[in-house]
Asks: 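My questions all concern the structure below.
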Amino acid sequence: CGYVAVLGRPNVGKSTLMNHILGQKVSITSRKPQTTRHRILGIYTDDDAQILFVDTPGIHKKEARSINRYMNRAASSSMVDVDVIIFVVDGTQWTEDDELVLEKLQQTNCKTILFVNKVDKIQDKEQLLPHLAKITERFEFDAVFPGSALRGDNLEPLISQIKDWLPKGDLFFP
Ligand code: GDP
C-alpha cells in the first residue's frame, strides 16, 4: 500500500475530495488508527489496491493561524516519507499561499499531483487551459488533474494514477 497526503489551503475542497474518494470505501477514521509515521484519515480499498490517506505529523489546528507557516510545515513533513502528495487548489481562486507551497513541493522526491478543483464553477472552460499552462510552466508536477470533488468529476483517473505509482502487494490490512 502507499501513503498519500492531501495538502492545500482551507476551503479548496480537501475534505470533499477525501469524502468522495473514501465515500463507499472502508473508512476507519473514527478509530483514528496510527501507523508509526502518520495518523490515518481513511483507507481506499478496492480489488487490487489499498491507499492510505494520512495526516501530516506535527500539524495542529493552532498552527493554522499562520497559513504560510502551516502550509510550509505540512509540505515539509509530507515530503519526508509520503509516497504521493495531492496538492489541491481552487481553480477559481489562485493565491500567493498556493505558490509558496508549490515552490516547496518542487524539492520533494515523492510524486506530486496538482488537483485543480471546483472546475464545475468555471463557466468558460476555455479560460482554464491558459491558466493551467501558466502554472505548469513555472512548476513541475508528475500529474495534473482538473476536476470537481463535489461532483466527482475526474476522480477515477486520479485514483488510477496513484495506484500506478504505489508499491504493489504491500497491504495494510491483508
Ligand atoms: P477544505 O477546507 O479544503 O477541506 O474544503 P472543504 O472540502 O470543506 O470544501 C470547502 C467548500 O467548497 C465547501 O462548501 C464545499 O462544498 C465546496 N467545494 C468543495 N469541492 C467543490 C467542487 O468541486 N465544486 C464546488 N462548486 N464546490 C466545492
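The shown structure was predicted, so the numbers you read here are calculated from the model rather than taken from an experiment. Indexing begins at 1, ligand by ligand and atom by atom, following the structure's order.
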Asks: Going by the atom numbers of ligand 1, which of them fall below 4.0 Å from some non-hydrogen atom of Lys121?
Replies: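 In order of number, 26 (N).
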Asks: Got a sec: does the CG of Asp124 have more than 12 other heavy atoms crowding it under 6.0 Å?
Replies: yes
Asks: Tell me the protein heavy atom at minimum distance from atom 2 (O) of ligand 1, and give that distance in Å.
Replies: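 Minimum-distance protein heavy atom for atom 2 (O) of ligand 1 reads Asn11 N, 2.8 Å.
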Asks: Going by the order shown, which atoms of ligand 1 are within less than 4.0 Å of some heavy atom of Ala149?
Replies: 20 (N), 23 (O)
Asks: For atom 24 (N) of ligand 1, what is the nearest protein heavy atom, given as residue, atom name and distance?
Replies: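 The closest heavy atom on the protein side is Asp120 OD1, 2.7 Å.
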Asks: Counting heavy atoms only, which of Ser148, Ser15, Gly152 comes nearest to atom 23 (O) of ligand 1?
Replies: Ser148
Asks: Would a search of protein heavy atoms around atom 28 (C) of ligand 1 find one under 4.0 Å away?
Replies: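 Yes.
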Asks: Among protein heavy atoms, which lies nearest atom 16 (O) of ligand 1, and at what distance?
Replies: Leu150 CD1, 3.8 Å
Asks: Return a yes/no value: protein heavy atom under 4.0 Å from atom 14 (O) of ligand 1?
Replies: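 False for atom 14 (O) of ligand 1.
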Asks: Under the salt bridge (Lys or Arg N to Asp or Glu O under 4.0 Å) rule, collect the residues that match up with Glu140, sequence neighbours excluded.
Replies: none
Asks: What is the closest protein heavy atom to atom 19 (C) of ligand 1, and at what distance does it sit?
Replies: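 Looking at atom 19 (C) of ligand 1, the protein heavy atom closest to it is Thr16 OG1, 3.4 Å.
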Asks: Considering only protein heavy atoms, which is closest to atom 5 (O) of ligand 1, and at what distance to one decimal place?
Replies: Gly13 N, 3.1 Å
Asks: Would you compute the distance between atom CD1 of Ile135 and atom CH2 of Trp94 and round it to the nearest 0.5 angstrom?
Replies: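 One finds 3.5 Å between CD1 of Ile135 and CH2 of Trp94.
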Asks: Are Leu155 and Leu150 co-members of a hydrophobic cluster defined by side-chain heavy atoms under 4.5 Å apart?
Replies: no
Asks: Supply the atom-to-atom distance Phe139 CZ to Asp98 CG, rounded to the nearest 0.5 angstrom.
Replies: 9.0 Å
Asks: Among all protein heavy atoms, pick the one closest to atom 20 (N) of ligand 1 and tell me residue, atom and distance.
Replies: Asn117 ND2, 3.1 Å
Asks: Among protein heavy atoms, which sits nearest to atom 18 (N) of ligand 1, and what does the distance come to when rounded to 0.1 Å?
Replies: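 The protein heavy atom lying closest is Lys118 CE, 3.7 Å.
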Asks: Identify whether Val6 and Phe145 are in the same connected component of the hydrophobic contact network (ILVMFWY, side-chain heavy atoms under 4.5 Å).
Replies: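 Same cluster: Val6 reaches Phe145 through Ile, Leu, Val, Met, Phe, Trp or Tyr contacts under 4.5 Å.
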Asks: Should we count CD of Glu156 as having more than 12 external heavy atoms under 6.0 Å?
Replies: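 No, CD of Glu156 has 12 or fewer neighbouring heavy atoms, counting only those of other groups under 6.0 Å.
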Asks: Using a strict 4.0 Å cut-off to heavy atoms of Lys14, name the atoms of ligand 1 that fall inside it.
Replies: 1 (P), 2 (O), 3 (O), 4 (O), 5 (O), 7 (O)
Asks: Given Val116, which partner from the list Asn154, Val88, Leu132 fulfils the side-chain contact (heavy atoms from CB on, under 4.5 Å) test?
Replies: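 The residue from Asn154, Val88, Leu132 that satisfies side-chain contact (heavy atoms from CB on, under 4.5 Å) with Val116 turns out to be Leu132.
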